[in-house]
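In what follows, a structure is listed as structure tokens, so that the remarks can point back to it.
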Protein chains: 2
Amino acid sequence: MPDHHTLEETERAMKDHVGNLPLDFAAANALSNLFRAANAVRSELTNRVLRKHDMTWTGFVVLWVVWIWDGMETRHVAESADISKATLTGVVRTLEGRGMIAREGDEKDRRLVRLRLTSEGTELMERIYPEFNAVESEIISQLAERRVSTLTKTLRDVVNAAEGQNSP
Amino acid sequence: MPDHHTLEETERAMKDHVGNLPLDFAAANALSNLFRAANAVRSELTNRVLRKHDMTWTGFVVLWVVWIWDGMETRHVAESADISKATLTGVVRTLEGRGMIAREGDEKDRRLVRLRLTSEGTELMERIYPEFNAVESEIISQLAERRVSTLTKTLRDVVNAAEGQNSP
DNA sequence: GGATTATCGTACGGATCCGAACGATCCGGC
DNA sequence: GCCGGATCGTTCGGATCCGTACGATAATCC
């Protein structure tokens, strides 16, 4: 990763452009690192684990959610996978076409659609997930245990802060 | 945000599916929170700041990079914005169509394309970025100052860990 | 019990998003 | 000089990704 601009260079360049407006550089920096970290981890997991199984990130996440919560209704799957209902429709179409997932109407409430893994989908997850988690573990293991738990807690607070609810 | 499954419930359900394989729940949890936090912050900034200016997340990031580093070559812009060259091509096409950005060939090396903001693009950034940073600040301000600097450092280490380089 | 209201999943349009392949250009050795 | 190899930005195909609008179905009100 060559040729990066230094943090100081960037701040100086920003000040040249924004003038004397008071900016919160610490906040900008923390969130910049947040996105970089998420992208880096996602890329690494995609390249080292998912690609060889011809699986996309979102496809894997959806499969994982349905694996753990068999028969879950689509809107809850979307919420758990952190994607919109519209996106889920397309992803499920792809996974259904590959025979990994099945859609199933609800008897009582005919608006609902429940999702289940096929046996092929289940086998895939039983093979992939341990591998996936091993790479997760490898990445996180480079942090001291105490820092991991601090990170986890702080990130949860960031979620709450961003969603505008100051939890009690 | 109703109807969430508890962390304990999820772990129990996972154990039911993965059997006796040894999983690193702490790592899975930390990274799950990482993606949730990134998505939540991105959504909040998009909804509260960018949408009213008809600007996408990636479009804004690219515009910001070019604003700070005027005349930067496209591959460096892509790297700074954390997107692929192919994606940048499409985003620049959109921004160019709206008169925000201009492409400019390099005299010396005719393979290169340099990017600059138009005056309209510059005005937009001068108007949007302070607003954007204010919301960033509002989110981060809900964390104690010490936690912010710890978070920033830890996230940088996560980036290095994911990219496979244990920096000295 | 009929009309209004709310909620469900989906179709649609448009904007990312990326890996792979590609032509254009530059650079290296010779 | 020149030619094989490296590097540049773009194109292409296919998969997300989302807000909005919609038809179908439930729940509510009176």
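Below, read A as the first sequence line, B as the second, and so on, with proteins coming before strands; counting in each chain starts at 1. Atoms considered below: every heavy atom in the structure, side chains included; atoms not considered: hydrogens, waters and symmetry mates.
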Give one of base, sugar-phosphate or nothing for Thr74(A), where a contact means two heavy atoms less than 4.0 Å apart.
-> sugar-phosphate
Describe the nucleic acid contact of Arg114(B) in one word from base, sugar-phosphate, nothing, applying a heavy-atom distance below 4.0 Å.
-> nothing
CZ of Phe35(A) to CG of Leu155(B), rounded to nearest 0.5 Å, is 11.0 Å
Residues in residues 104-112 of chain B with a heavy atom under 4.0 Å of DNA chain C, by number, are Lys108(B), Asp109(B), Arg110(B), Arg111(B)
Roughly how many Å is it from [atom1] in [X] to [atom2] in [N], rounded to a whole number?
{"X": "Ile83(A)", "N": "dT16(D)", "atom1": "CD1", "atom2": "P", "value": "9 Å"}
{"X": "Glu73(A)", "N": "dA26(D)", "atom1": "CD", "atom2": "P", "value": "13 Å"}
{"X": "Arg42(B)", "N": "dA15(C)", "atom1": "CZ", "atom2": "C1'", "value": "11 Å"}
{"X": "Glu79(A)", "N": "dT7(C)", "atom1": "CD", "atom2": "P", "value": "14 Å"}
{"X": "Leu115(B)", "N": "dC8(D)", "atom1": "CG", "atom2": "P", "value": "14 Å"}
{"X": "Lys85(A)", "N": "dA11(C)", "atom1": "NZ", "atom2": "P", "value": "13 Å"}
{"X": "Glu96(A)", "N": "dA15(D)", "atom1": "CD", "atom2": "C1'", "value": "16 Å"}
{"X": "Asn39(B)", "N": "dT16(C)", "atom1": "CG", "atom2": "C1'", "value": "15 Å"}

Quick one: stems for DNA chain D, with Watson-Crick or G-U pairs under 3.5 Å, at least three in a row?
-> C:1-26 with D:5-30
For His53(A), enumerate each residue passing the ring-ring contact (aromatic ring centres under 6.0 Å, His included) test, keeping only those at least two apart in sequence or located in another chain.
-> none
Assign each of Gly59(A) and Arg51(B) to its nearest nucleotide of DNA chain D by heavy atoms, then name whichever residue's nucleotide is nearer the 5' end.
-> Gly59(A)
Would you tell me whether [X] and [Y] have side-chain atoms, one donor and one acceptor, within less than 3.5 Å of each other?
{"X": "Ser43(B)", "Y": "Thr46(B)", "answer": "no"}
{"X": "Asp24(A)", "Y": "Asn133(B)", "answer": "no"}
{"X": "Thr154(A)", "Y": "Arg147(B)", "answer": "yes"}

Side chain of Thr56(A) (C-beta onward), nearest among dT16(D), dA15(C), dC18(D) = dT16(D)
Audit row: Val148(B), Asn29(A), side chain to side chain contact (heavy atoms under 4.5 Å, CB included) steps and yes/no | CA-CA 10 Å; Val148(B) 176; Asn29(A) 228 284; over 6 Å; no
Could you list by number each residue of residues 86-95 of chain A showing a heavy-atom separation from DNA chain D of less than 4.0 Å, or answer none if no residue does?
-> Ala86(A), Thr87(A), Val91(A), Thr94(A)
Can you see which heavy atom on [X] is nearest to which on [Y], and at what distance?
{"X": "Val158(B)", "Y": "Ala37(A)", "value": "CG1-CB, 4.1 Å"}
{"X": "Ile101(A)", "Y": "Leu117(A)", "value": "CG1-CD2, 3.9 Å"}
{"X": "Ala81(A)", "Y": "Val62(A)", "value": "CB-CG2, 4.2 Å"}

Identify which one of Thr74(A), Val92(A), Val77(A) satisfies the side-chain contact (heavy atoms from CB on, under 4.5 Å) criterion when paired with Val66(A).
-> Val77(A)
Return a table of donor-acceptor pairs under 3.5 angstrom between the side chains of residues 121-132 of chain B and protein atoms on other chains or two or more places apart.
from: Thr122(B); atom 1: OG1; to: Thr118(B); atom 2: O; distance (Å): 3.0
from: Glu131(B); atom 1: OE2; to: Lys52(B); atom 2: NZ; distance (Å): 2.6

Partners of Arg114(B) by salt bridge (Lys or Arg N to Asp or Glu O under 4.0 Å), sequence neighbours excluded?
-> Glu73(B), Asp106(B)
